[in-house]
Structure formats: C-alpha cells, structure tokens
Amino acid sequence: MGLVRKIIRKITPYKAGKPIDETRRELGLRDIIKLASNENPLGVSPKALKAILKNSKDLNRYPDSYGYYLKKKLSRTFGVSSSNLVLGNGSDELIDVVIKTFVEEDENIITSASTFLEYAIIAGVNSRKVILAALKDFKYDLEGIRRKINKKTKLIFIANPNNPTGTYVNKRELDVFLKSIPKDVVVVLDEAYDTFIDVDDFPESLSYYKTRNVILLKTFSKAYGLAGLRIGFAIANSEFCSCMEKVRQPFNVNALAQAAALASLEDREFLRKTKKAIWAGKQYLYDSLDAIGLTYVPSVANFILVNVEKSGIKVFKKMLTRGVIVRDMQQYGLKDYIRITIGTMAENRKCINALKKVA
Ligand SMILES: *Cc1c(COP(=O)(O)O)cnc(C)c1O
C-alpha cells in the first residue's frame, strides 16, 4: 500500500450491479433475474448479433482506430459531422478522456451528489478535485451548481436524465444555466438514457455543442443493448474532438463493438420494441408500487428509485434470496432506497412479488 499513490488508497471502488452468475454461485439459486444495471431486458438486436458473427473472422486484425464506418453512420443518424464524434470504450472511458483533456492539476470539477459514481471516481484517479452540489427534490440543482463555480472550475458533469434518480433537467432550466455560467467552463451532458425520454420539454442537446462549450456523451449500453461490448460516443465541436482523440487509447473500441453498434443503429424495430417494453413496464411498476404503498421518484429513464422505508441493503439482500437482483443505494447516499431497472413483463412481476414479501 505504501507504494501506491495516496489518492488511490482513499478511493472507494465502483461497486457494479451484482452479476447473475455470481449470485448463482453464492446462493445456489437457479432462476435469477438482474434488474440492477439498467441493461436492455430484450437482449441484443438480431442485426447486431449477425454483424458480430460476420466480423469475428477478422479478429486477427486491429480494429479501425478512427471508427470510420461507425462515425459515418452516427453522423447520418444524429445530423453531425464525423469530426464532431469521438468513440469510447463505453462512455465511462470518455469521462476519463474528458477529464484528462480539459482539467489542469489545480482545477476542479463540479457535479451533483447522488449521481453517476464514475465522475468522482475517475476524477479521483486523475487527482482532480470534485465539488458536489446537493440534489433538490431528487433533481440536479443547477442553481446550486452555479453557486459552487469558482475561478478554478473547469468542468461540470450533468447526467441527464440522472442516474439513479431518473429525474431530468428541462430545456428552459438548462438554457438559463448555460447562459449564466462563465464561458471558460466546459459542460458535459451525459445522456445515457435519452432514448427512453417520454416528455416534451427535454433539452434539444444537439443544439448546444456548436455554440457553447458543451460535450454530449451517449452510449450503446442501455437502449441499444450492447453493455457487454463496451461502446459509447461523444459529440462536441471539432476542436474539442481532435484533442480528445489524442487522449484516448488508439484501439479503445474493439472491432466487434464497432460493427455491432453500426448494425444496432440500423435496427429501428429493436429500438421501438425496447421503448415500448420499458414504457409499459414502467406503468406496471408504478401501479404495483402504488398498490403496495411504496413511494418512488417518477422516472424518464429505464429504472425507478424506490423508497423502501428501511435499509435498502437489507431489502436488496432479501430480494436476492428470492432470485431478484436490484441495486442498493448506499454508495449514492440514499440508504433507504433501492433502484429497480425496468425489465420484461415477467421480470417486473417477479420483482414486484419479491418486493411485496420483503418490503
Ligand atoms: C450507464 C451509464 C453510463 C454508460 O456507461 P458505459 O460505459 O457507456 O456502459 C454513462 N453514464 C451514466 C449516467 C450511466 O448511467
């Protein structure tokens, strides 16, 4: 330990959602469902699977470092140019790339409390200071963040929608915020769940990156069902992108991930089915939670933060013995809560049945 950098010794590692296989080994259960990591319950797009098989014969070759074909497809899909895109090994890697690209040693980063844990962890690994603004009514408090900005502030992370609360900042709030902050602060809008949005006042985030210091992060891990392949992307002005390209690893996105992501962008049907399943599942879970008498935070994403009115860890452990993996919220500072990822209807029912017995 003595040889390890001081900051590394202090970091609490990221605790991932408990894997199905591990639960099987530890508890000897057969039927287990995982509603813990906001993954796509419908699996992988059949078109993506086909692309993976087709491309696997060339695995002796390094992947395309630049991701030419995928960027071309992304630029058509999102109406941006290839020079406005950077690919990452999941958007997790891009969080690291952004911090390394923009934040000097003595500068700080602001984000919210009870948000995606990776912002603070990756900042810590990079020896960068993080300032947290408290949530307000389970939402990012943009005014609270603005008040914390000082001369040393370089970067602000906004998860929109926020994980784990499922809340969002709307267009008006974001517009006001972006106008109110210093011009030399970079704002990252992490939109991992944008596909699930079912409200009409969500920010049109693609309108910001040309005129403001805004970077969008998006991922194939959630709605597109490719969490296991690790691929995400950033959209930003081309100067930002060319600098971020220098910071990322040259072969950060593997060949199968590139091919599968491209194919999944072409599978509109899979995306449509996914959204339909999530929205129907959300209504079922709301109704069932109401019937049980548990309160929850209304969500625009594919997960729901539920107040279990007692230790979330205890509820998590009891649900585990019934073959249902959810996420306890201790690491997020929300001790009496669990987060449930919306699953297939059969999974949602199993989850509610378990919750009825333990909560
Ligand atoms: C899941 C998630 C990500 C995506 O991570 P990947 O590395 O792309 O799998 C990014 N941000 C937030 C807020 C998330 O919840």
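Ligands are counted one by one from 1 in listed order, and the atoms in each one are counted from 1 as well.
- For the atom pair CZ (Arg147) and OG (Ser180), the distance works out to 11.0 Å, reported to the nearest 0.5 Å.
- A ring-centre distance under 6.0 Å is found for Phe102 and Phe240.
- A salt bridge is absent between Asp336 and Lys310: the closest approach of a Lys/Arg side-chain nitrogen to an acidic carboxylate oxygen does not fall below 4.0 angstrom.
- Here Tyr337 and Phe138 bring their ring centres to under 6.0 angstrom of each other.
- Among all non-hydrogen protein atoms, the one lying nearest atom 11 (N) of ligand 1 is Asp190 OD2, 2.6 Å.
- Residue Thr219 has at least one N or O atom closer than 3.5 Å to an N or O atom of ligand 1.
- Annotation for Lys282 and Val300: closest pair NZ-CA, 3.9 Å, computed over non-hydrogen atoms.
- Taking the six-membered ring for Trp and the full ring otherwise, the centers of Phe220 and Phe233 sit less than 6.0 Å from each other.
- Looking at Ala192 against ligand 1, only its side chain comes within 4.0 Å, counting heavy atoms.
- Within ligand 1, the atoms closer than 4.0 Å to a non-hydrogen atom of Phe116 are 2 (C), 3 (C), 10 (C), 11 (N), 12 (C), 13 (C), 14 (C), 15 (O), numbered from 1 in the order shown.
- With a 4.0 Å heavy-atom cut-off, ligand 1 is reached by no atom of Glu118.
- For a threshold of 3.5 Å applied to N or O pairs, the pair formed by Tyr119 and ligand 1 contains no separation below that value.
- Counting atoms of ligand 1 from 1 in the listed order, those under 4.0 Å from a heavy atom of Lys222 are 1 (C), 2 (C), 3 (C), 4 (C), 14 (C), 15 (O).
- Judged by the 6.0 Å distance and 45° axis criteria, Lys275 is not positioned over the aromatic ring of Phe196.
- The protein heavy-atom contact nearest to atom 7 (O) of ligand 1 is Arg230 NH2, 2.6 Å.
- Among all protein heavy atoms, the one lying closest to atom 9 (O) of ligand 1 is Ser221 OG, 2.6 Å.
- Atom 4 (C) of ligand 1 has as its closest protein heavy atom Ser91 OG, 3.2 Å.
- Within ligand 1, the atoms closer than 4.0 Å to a non-hydrogen atom of Gly90 are 6 (P), 7 (O), 8 (O), numbered from 1 in the order shown.
- For the atom pair Phe202 CZ and Asn170 CG, the distance stands at 10.0 Å (nearest 0.5 Å).
- Residue-environment remark: NZ (Lys148) stays at or below the threshold of 12 foreign heavy atoms within 6.0 Å.
- Using a 4.0 Å cut-off between heavy atoms, Tyr193 contacts ligand 1 through its side chain alone, with no backbone atom that close.
- For Asp92, heavy-atom contacts with ligand 1 shorter than 4.0 Å involve the backbone as well as the side chain.
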